[in-house]
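For this chain, numbers begin at 1 and follow the sequence in order. On a predicted model such as this, the values are computed, not experimentally measured, just so you know. Values below: all heavy atoms of this structure, side chains included; hydrogens, waters and symmetry mates excluded.
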Amino acid sequence: MFVVDPSNQRSIPLEQIMDAYGLTHAEARVALASSPGNTIIETAQSLGLSPNTIKTHPRRVFAKTATGRQAELAGLIAALGSVRIGDAGPRD
């Protein structure tokens with residue numbers, strides 16, 4: 001069992017989300033900003049974009065991440081945030 005702090009999802013590097021699922025920079029930003037359950041308007045305000053711009057991304061994000069709902073996407077991002085990627089260096 002592990003515990004994930006959903007309020008700490010913004011610390012996940014965008015590049016990690018982009019690499020894991022083949023998302024564009026814009027799609028990764030929207031996925032990360034909307035994953036805590038934010039509405040389209042809240043996501044748009046937090047990113048400084050129009051709601052119409054935000055509406056275009058979820059469909060592509062869901063397709064690329066094989067999710068169908070915002071709650072599934074949130075779980076996926078939370079799980080991704082619990083994985084640490086990087087060079088651990090040689091072990092003695």
If you round to the nearest 0.5 Å, how far is [atom2] of [Y] from [atom1] of [X]?
X     : Y     : atom1 : atom2 : result
Leu32 : Ile17 : CG    : CD1   : 4.5 Å
Leu47 : Ser34 : CG    : OG    : 8.5 Å
Leu76 : Thr65 : CG    : OG1   : 6.0 Å
Lys55 : Ile40 : NZ    : CD1   : 5.5 Å

Could you go through Leu80 and Tyr21, starting from their C-alpha distance and side-chain angles, then the distance that decides it, and tell me whether this counts as side-chain contact (heavy atoms from CB on, under 4.5 Å)?
CA-CA 11 Å; Leu80 184 62; Tyr21 298 103; 4.0 Å; yes

Heavy-atom donor-acceptor pair, Gln70 side chain to Asn38 backbone, under 3.5 Å:
yes

Sequence neighbours left out, what passes side chain to side chain contact (heavy atoms under 4.5 Å, CB included) with Ala44? Give chain and number order.
Pro51, Ile54

Smallest separation among heavy atoms of [X] and [Y], with atom names:
X     : Y     : answer
Val30 : His57 : CG2-CD2, 3.6 Å
Ile77 : Ala31 : CD1-O, 3.5 Å
Arg29 : Leu49 : NH1-CD1, 4.5 Å

Applying salt bridge (charged side-chain N to carboxylate O under 4.0 Å, His left out) as the test, list every pair that has at least one member in residues 56-74; sequence neighbours left out.
Glu27-Arg60, Glu27-Lys64

Under a plain distance cut-off of 3.5 Å, with no hydrogens placed, do Thr53 and Ser50 share a side-chain donor-acceptor pair?
yes

